[in-house]
Amino acid sequence: MRIGIVGNGGMAEALGRHWVSAGHEVMIGGRDPGRASATAERIGATSGSLQEATTYGEVVLLAVPAEVVVSVVTQLSVAPGTVLIDCTNALDHSDFTLAQPAVASAISQAVPHAHVVKAFNLAAEAVWRTAPHTFDGVPLGVPLCTDDSAALAQVSELVRAVGCTPVPAGGLARARLLEATAALAIGMWVTGADVRATFPPLAAAFGDTHPTELSSRRASADAASTGV
């Protein structure tokens with residue numbers, strides 16, 4: 001797969017290194033040609049401008065700060081159907097709440113002809129640098145929010161290339177919940193809390209009701225509401 005990375009910071013290098021190692025073709029794009037070239041050289045990728053990286057990739061990772069990602073992407077020529085991965089979090093670090101509405105939705109509104117996928121936003125670059133991670137024998141899961149099934153499949157492949165497990169988490173409208181989850185988790189982590197310990201395992205999550213039964217109930221309710 002050809003992957004363009006807009007940005008040449010920590011996330012770009014951490015994820016890009018795994019994708020190069022997995023055999024994907026990666027181009028690092030940056031405003032500073034020297035910095036982009038240096039990052040690309042460290043991971044075995046090629047380098048270019050922000051626009052060149054955008055045009056290069058069938059999938060494009062937006063690895064720039066959340067506060068500028070929309071302005072950056074609106075200045076680029078994005079081909080219709082391009083998959084844009086949003087890994088950003090817009091946080092108010094004074095109280096670890098969201099600093100603005102859903103970034104992924106704003107990107108989608110700015111470039112509606114692209115397919116936006118929210119992914120890789122629940123962990124810092126240091127986690128991705130040292131991936132893969134396995135906890136209690138289970139690989140780290142990466143939630144993905146998107147409205148496009150083909151984009152979901154492509155980004156799922158890139159998640160697996162990092163040694164993690166893709167976890168479909170619903171449509172792009174749910175990306176705001178994923179961004180809020182990041183804000184909540186980061187706020188807990190900085191106090192020393194173990195976020196993983198706050199969720200019960202799947203076998204216990206629904207008490208005596210199995211998840212498949214809940215799905216069946218929801219399907220029946222949906223059918224009743226539409227008269228099917």
Side-chain angles (χ1 to χ4, degrees), residues 1-9 11-16 18-20 22-33 36 39-40 43 45-90 100-121 128 142-162 164 166-179 182:
M1 194 183 306
R2 291 167 65 95
I3 306 162
I5 299 183
V6 172
N8 44 218
M11 286 292 284
E13 183 171 343
L15 291 172
H18 289 290
W19 295 336
V20 169
H24 297 292
E25 301 175 75
V26 176
M27 177 181 284
I28 301 291
R31 286 196 173 95
D32 182 335
T39 300
I43 67 174
T46 58
S47 66
S49 67
L50 295 177
Q51 182 58 60
E52 287 171 333
T54 302
T55 304
Y56 178 87
E58 54 193 288
V59 174
V60 177
L61 173 69
L62 301 175
V64 295
E67 58 267 25
V68 300
V69 65
V70 173
S71 64
V72 168
V73 78
T74 53
Q75 295 173 37
L76 299 171
S77 177
V78 180
T82 299
V83 176
L84 301 177
I85 302 176
D86 170 31
C87 65
T88 68
N89 288 309
Q100 61 192 62
V103 179
S105 295
I107 294 170
S108 182
Q109 291 168 8
V111 281
H113 53 282
H115 302 305
V116 178
V117 181
K118 189 76 184 187
F120 299 108
N121 73 306
W128 306 121
V142 179
L144 309 173
C145 290
T146 184
D147 293 331
D148 186 82
S149 58
L152 177 64
Q154 286 178 293
V155 180
S156 293
E157 180 180 346
L158 297 183
V159 169
R160 286 188 284 268
V162 180
C164 298
V167 181
L172 196 63
R174 291 178 60 83
R176 64 190 180 93
L177 301 180
L178 192 50
E179 294 176 20

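We count residues from 1, following the sequence as given.
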Main chain of [Y], side chain of [X]: is a donor-acceptor contact present, judged purely on distance under 3.5 Å?
X      : Y      : answer
Lys118 : Thr88  : yes
His24  : Met1   : yes
Thr46  : Val26  : yes
Thr82  : Glu58  : no
Thr55  : Glu52  : no
Asp147 : Leu172 : yes
Arg174 : Cys145 : no
Gln75  : Ser71  : yes
Thr54  : Leu50  : yes

Using 0.5 Å steps for rounding, measure from the [atom1] atom of [X] to the [atom2] atom of [Y].
X     : Y      : atom1 : atom2 : result
Ile3  : Tyr56  : CD1   : OH    : 8.5 Å
Asn8  : Ser47  : CG    : OG    : 9.5 Å
His18 : Trp128 : NE2   : CH2   : 9.0 Å

Does a side-chain heavy-atom distance below 4.5 Å link [X] with [Y]?
X      : Y      : answer
Asp86  : Asn121 : no
Val117 : Val83  : yes
Ile85  : Leu158 : yes

Taking every non-hydrogen atom, the tightest pair across Ser156 and Pro166: OG-CB, 3.5 Å
Nearest atoms (heavy-atom pairs only) where His115 meets Ala151: CB-CB, 4.0 Å
Contacts of Glu25 that satisfy salt bridge (charged side-chain N to carboxylate O under 4.0 Å, His left out) - sequence neighbours left out: Arg2
